[in-house]
Amino acid sequence: RAKARGRGVWQIYDHGLLELDQRRAGLERILLNRENYGEMTVEFQPIVCLDTNSTVYAEALARWNNPGFGFIPPDEFIPVAEQLGAITELNGVLLREAANLASSWPVDLGVSFNLSALEISERGSSIRLLGLIESAGISPGRIQFEVTETAFLADLSTAKQELERLREAGCMIALDDFGSGHASVSYLRDLVFDVVKLDGSLTAEIEYSDRSRQILLGLIDLCHATGAKCVAEHVETLEQLMLIKAMGCDFAQGYYLGRPALGMPDLGGQRMSSPR
Ligand code: C2E
Ligand code: CA
Ligand code: CA
Ligand code: CA
């Protein structure tokens, strides 16, 4: 009985396992047909500068509503696309869409785009990405690429070279989900980042826990010491916003500042004083 509530649940109820397998197989099937990528859209979530209170970047987040599956979260389909070797193609569609939309926005509002673990380790990926940006009619200076630590595991030296090319073209490079585990500090040592995004889990407890505040403060200082600016993720309350600002954090992102939504995000305003 106790087992049935834990992970063993799928071993006991075989039909459950079957359902999971079928979902996965179905997901693979619709991901292998790239005509389905046309069903995808991107939402944008504001990244706000804490000095000026204005939105400086909008993070593009993939959304997929499939007629058969309904809404599929990116946390579910991106890893499957990676395993199928379809991620470069899929992310290309998403980047083209995001860059096209953003090309009509004010020039001081940039787009922050998630690169996948695998594509940045492909030789020549920077040239391909810059080509996509150029054909969307947006300046590379308005694009920030977010990469996670796992992105480098495949081939660090190629990833490093490709990221350097993107930087030379004017793109910003951000280390995503910093502090969520893995070998974070060595990446900070070996690669140059313009921006470090502090994982949302680091923000969660700062109102209540002195230790959490100390850890976040230490990480902000560490990032600054490498020359990078910091974004605090998952800022959900005014109190958290005030705390990270007092710690010297540069940017903030989270539901308090704006949820992911279709279209250009709000450019800024009275957030510090009037919570929504
Ligand atoms: P991520 O890059 O860490 O993106 C931030 C996630 O946190 C988003 O979830 C966003 O909706 C969520 N979030 C933002 N503010 C808050 C908050 O205040 N509280 C909480 N609890 N959550 C917040 P989403 O959109 O479901 O994306 C999940 C992940 O999927 C992303 O994590 C990213 O790794 C991946 N992803 C999304 N779009 C793309 C894409 O176009 N390409 C690639 N390669 N990966 C993508
Ligand atoms: Ca991200
Ligand atoms: Ca993140
Ligand atoms: Ca994440």
Side-chain angles (χ1 to χ4, degrees), residues 31 37 39-48 55 57-65 71-102 110-122 125 129 132 143-151 154 159 172-182 184 193-207 219 223 230-241 243-244 251-262 265 271 275-276:
L31 273 168
Y37 300 173
E39 295 162 5
M40 298 199 194
T41 54
V42 286
E43 288 193 334
F44 293 98
Q45 186 180 30
I47 299 174
V48 174
T55 303
Y57 281 97
E59 181 174 359
L61 295 159
R63 298 292 178 255
W64 191 8
N65 204 349
F71 179 79
I72 314 165
D75 275 339
E76 185 178 1
F77 69 77
I78 296 285
V80 179
E82 285 176 341
Q83 282 157 31
L84 292 174
I87 190 65
T88 298
E89 177 78 26
L90 172 57
N91 242 4
V93 170
L94 294 167
L95 176 60
R96 201 176 298 131
E97 163 107 0
N100 267 325
L101 290 167
V111 175
S112 200
F113 190 81
N114 293 282
L115 285 185
S116 170
L118 298 167
E119 61 180 330
I120 197 61
S121 306
E122 278 169 29
S125 56
L129 292 164
L132 286 175
I143 307 284
Q144 171 169 280
F145 285 113
E146 304 189 6
V147 290
T148 55
E149 301 160 343
T150 51
M172 295 286 153
I173 306 297
L175 180 59
D176 201 0
D177 298 341
F178 181 67
S180 62
H182 314 291
S184 322
F193 295 102
D194 304 289
V195 169
V196 175
K197 299 188 78 174
L198 301 158
D199 190 68
S201 60
L202 296 164
T203 315
E205 302 278 307
I206 54 170
E207 293 134 296
L219 290 176
C223 295
C230 295
V231 183
E233 293 187 321
H234 295 196
V235 172
E236 295 180 348
T237 67
L238 177 62
E239 202 180 349
Q240 288 173 345
L241 188 68
L243 284 167
I244 58 151
F251 307 104
Q253 180 178 5
Y255 293 164
Y256 181 75
L257 296 152
R259 292 188 176 246
L262 290 173
R271 293 188 192 93
R276 301 176 187 187

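Counting convention: from 1, in listed order, for ligands and their atoms alike. Nothing here was measured: the structure is a model prediction, and the numbers come from that model.
- Residue contacts with ligand 1 leave out Gln253, since none of its heavy atoms falls under 4.0 Å from the ligand.
- Here the angle at the Ca ion (ligand 2) defined by OE2 in Glu59 and OD1 in Asn114 stands at 90°, rounded to 10 degrees.
- By heavy-atom distance, the residue among Leu90, Val93, Asn91 lying nearest atom 42 (N) of ligand 1 is Asn91.
- Between Glu236 and ligand 1, an N or O atom pair is found at a separation short of 3.5 Å.
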* **Residue pair Ile78, Ile87: steps toward the side-chain contact (heavy atoms from CB on, under 4.5 Å) verdict** => CA-CA 7 Å; Ile78 296 285; Ile87 190 65; 4.0 Å; yes
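- Atoms of ligand 1 lying under 4.0 Å from at least one heavy atom of Asp176, given by number and element, are 2 (O).
- With Thr203 contributing its side chain and His234 its backbone, the two residues share no donor-acceptor pair below 3.5 Å.
- Between the CE atom in Met172 and the CZ atom in Phe193 there is a gap of 14.0 Å [rounded to 0.5 Å].
- A side-chain donor-acceptor contact under 3.5 Å links Asp194 to the backbone of Ile173.
- With hydrogens and angles disregarded, no donor-acceptor distance shorter than 3.5 Å links the side chain of Tyr57 to the backbone of Gln45.
- When all heavy atoms of Phe77 and Met40 are compared, the pair lying nearest together is CE1-SD, 4.1 Å.
- Tyr256 is not listed as a side-chain neighbour of Gln240, based on a closest heavy-atom distance of 4.5 Å or more.
- Near Glu59, with a cut-off below 4.0 Å to any heavy atom, the atoms of ligand 1 are 2 (O), 4 (O).
- Counting backbone and side-chain atoms alike, Asp176 contributes an N/O/S atom closer than 3.0 Å to the Ca ion (ligand 3).
- Only the side chain of Asp177 comes within 4.0 Å of ligand 1, counting heavy atoms alone; its backbone N, CA, C and O stay farther away.
- Within the structure, ligand 1 has Arg63 among the residues with a heavy atom less than 4.0 angstrom away.
- Looking only at distances, a side-chain donor or acceptor of Asn91 sits under 3.5 Å from a matching main-chain atom of Asn114.
- Close approach to Gln45 involves these atoms of ligand 1, each under 4.0 Å from a residue heavy atom: 14 (C), 15 (N).
- If you check the side chains of Ser112 and Glu146, you find a donor sitting under 3.5 Å from an acceptor.
- Of the polar atoms of Tyr256, none of the N or O atoms is found under 3.5 Å from an N or O of ligand 1, judged by distance alone.
- Using a 4.0 Å cut-off to heavy atoms of Pro260, the atoms of ligand 1 that qualify are 11 (O).
- For the Ca ion (ligand 2), the set of nearby N, O or S atoms under 3.0 Å includes one belonging to Glu146.
- Draw a line from the Ca ion (ligand 3) to OD1 of Asp177 and another to OE2 of Glu233, and the angle between them is 130° (to 10°).
- Among the atoms of Ile87, none of the N or O lies under 3.5 angstrom from an N or O of ligand 1.
- Taking CG of Leu94 as the start and CD of Glu89 as the end, the distance is 10.5 Å to the nearest 0.5 Å.
- Across the listed options Ile78, Leu257, Val235, Asp75, Ile78 owns the non-hydrogen atom lying nearest to atom 46 (C) of ligand 1.
- The heavy atom nearest to atom 43 (C) of ligand 1, considering only Leu61, Thr203, Asn114, is found in Asn114.
- Within the listing of ligand 1, atoms 41 (O) sit less than 4.0 angstrom from a heavy atom of Leu94.
- To the nearest 0.5 Å, atoms CG (Leu95) and CG (Leu90) are separated by 11.5 Å.
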